[in-house]
Structures are given as structure tokens and as C-alpha cells.
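Report on the following structure.
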Amino acid sequence: MAETPPPASPVGELVIRAIAMPADTNANGDIFGGWLMSQMDLGGAIVARNLARSRVVTVAVDGMSFVSPVDVGDTVTCYAQLCRVGRTSMKVSIEAWASHFAHDTPRRVTAGIFTYVAIDAEGKPRAVGQS
Ligand SMILES: CC(C)(COP(=O)(O)OP(=O)(O)OC[C@H]1O[C@@H](n2cnc3c(N)ncnc32)[C@H](O)[C@@H]1OP(=O)(O)O)[C@@H](O)C(=O)NCCC(=O)NCCS
């Protein structure tokens, strides 16, 4: 079955911009998928924290696939959009895009849905936005 082509431009709020460094590579010399996920996780947490007005933790990541490699020196940007708010949880759709500074137009490299839970000082779930 043919896959839906990725969108031509990012969807959501710009939450992270970083340069992929040699320290972020895997054993093959390519940028490590875990580094990319951590950037996305951080970016989504900014959105979730602002809404929850509390600490948050990541409880799940869904529907993630890596569609294009990221090279050392690429500029990586993450865009986040809130999709759903539950009692204590928030689902944030996050896209990562990469571009080479000299010659590239940005390309979408991966996307996923990150679920965050608002927590209290003991690490227990608390209602989103509760004062
Ligand atoms: C997140 C955590 C506080 C939730 O605690 P819990 O006792 O399971 O809480 P609950 O069952 O009441 O669920 C709380 C909310 O999370 C949601 N949730 C729990 N597990 C989920 C999952 N796997 N996927 C999606 N949502 C989930 C629930 O639906 C609920 O949402 P709602 O309040 O909006 O209806 C707890 O599981 C935890 O601390 N996990 C570790 C988080 C962490 O360390 N993350 C970083 C990993 S490196």
C-alpha cells in the first residue's frame, strides 16, 4: 500500500532548533535515532508543561517511524502541536525536520505522538492546569 507523502511544510509550533553533532552519532556514523527522539521529547514537554503548569513525564510514544537519515551538521528543528488533553494526560504531535545549511530545503525526518502526564511533587498524576 502506498504511504501518504509527508507534508511539504511543518505543522505546529517551533519548539527546538539544534545542530546534529558528531557526539550524537551511532556506531555507523549516522545521527542516532535516540538523540532525535530526545529532542522531540524535550520539545513536546515544553508544550505540555506550559499547559499543565506543572512538571510532566513522558508516558508513551506512538506511531513513530524514521523516514530520512540525519547527517552530522544538519540543522534539526522540531514542531509540536497539542492534539488531545485528558484529565492528567496530554498528547502532542511532534515532527522533526532536518536541513543542511548550504543546499537543502528542510525535509521531514520523523514524526510521532508523545503522551505526557502532569505530575505533582511526589510524581503522582495531577489534573492538567490545576492550581
Ligand atoms: C506517568 C505515570 C505518573 C502515570 O501513573 P499511573 O499511576 O499509571 O497513572 P494513571 O493510570 O492514573 O494514568 C494517568 C494518565 O496517563 C494516561 N496513561 C497511562 N499510561 C498510558 C500509556 N501507556 N499511554 C497513553 N496514556 C497513558 C492515562 O490514560 C491517564 O490519562 P488521563 O488522566 O488524561 O485520563 C507513571 O506511569 C510514571 O511515572 N511512569 C514513568 C514516566 C517516566 O519516567 N518517563 C520517562 C521515561 S525515561
Side-chain angles (χ1 to χ4, degrees):
M1 195 171 72
E3 295 217 359
T4 312
S9 57
V11 175
E13 168 193 354
L14 175 65
V15 285
I16 292 281
R17 179 174 293 201
I19 296 176
M21 300 295 282
D24 308 319
T25 54
N26 60 23
N28 303 324
D30 303 314
I31 292 300
F32 184 46
W35 177 79
L36 199 50
M37 278 186 78
S38 72
Q39 299 300 310
M40 296 167 77
D41 193 14
L42 288 169
I46 291 171
V47 171
R49 285 197 323 179
N50 286 347
L51 183 73
R53 299 203 305 270
S54 71
R55 297 163 60 202
V56 300
V57 285
T58 310
V59 72
V61 181
D62 295 302
M64 193 141 176
S65 53
F66 294 89
V67 294
S68 175
V70 176
D71 298 323
V72 170
D74 279 355
T75 301
V76 171
T77 45
C78 298
Y79 296 83
Q81 187 177 47
L82 189 67
C83 327
R84 183 183 169 277
V85 181
R87 196 183 78 80
T88 67
S89 67
M90 295 149 282
K91 283 191 188 295
V92 182
S93 170
I94 307 171
E95 300 182 352
W97 290 66
S99 61
H100 186 273
F101 65 91
H103 56 75
D104 238 6
T105 51
R107 62 198 186 281
R108 194 171 81 152
V109 290
T110 185
I113 307 286
F114 287 61
T115 305
Y116 300 90
V117 175
I119 54 166
D120 62 18
E122 279 76 50
K124 302 287 182 224
R126 76 194 286 277
V128 170
Q130 174 189 306
S131 47

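Residues take their numbers from the sequence shown, with the count starting at 1.
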Subject >> Over 12 foreign heavy atoms within 6.0 Å of CZ, Phe66 >> reply: yes
Original post:
For Ile19, does the CD1 atom have more than 12 heavy-atom neighbours from other residues, nucleotides or ligands under 6.0 Å away?
Top reply: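 No, the 6.0 Å shell around CD1 holds no more than 12 heavy atoms from other groups.
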Taking the side chain as C-beta and beyond, is there a heavy-atom pair between [X] and [Y] under 4.5 Å?
X: Asp30; Y: Phe32; result: no
X: Asp71; Y: His100; result: no
X: Met21; Y: Val72; result: no
X: Asp41; Y: Tyr116; result: yes
X: Ile119; Y: Lys124; result: no
X: Val61; Y: Ile113; result: no
X: Met64; Y: Phe114; result: yes

**OP:** Find out if a path of hydrophobic residues (ILVMFWY) with successive side-chain heavy-atom gaps under 4.5 Å connects Val76 to Met40.
**Re:** yes
Original post:
Are Val109 and Tyr79 linked, directly or through other ILVMFWY residues, by side chains that come within less than 4.5 angstrom of each other?
Top reply: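 In one cluster: no.
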Subject >> Results of salt bridge (charged side-chain N to carboxylate O under 4.0 Å, His left out) for Arg107 - residues two or more places apart only >> reply: Asp74, Asp104
How many angstroms lie between [atom1] in [X] and [atom2] in [Y], if you round to the nearest 0.5 Å?
X: Thr105; Y: Trp97; atom1: OG1; atom2: CH2; answer: 8.5 Å
X: Thr77; Y: Ile16; atom1: OG1; atom2: CD1; answer: 10.5 Å
X: Arg53; Y: Arg126; atom1: CZ; atom2: CZ; answer: 8.0 Å
X: Ile94; Y: Met37; atom1: CD1; atom2: CE; answer: 9.5 Å

Contacts under 3.5 angstrom, residues 81-92 side chains, donor-acceptor by atom type, not counting sequence neighbours:
unit_1 : atom_1 : unit_2 : atom_2 : d
Lys91  : NZ     : Thr115 : OG1    : 3.1

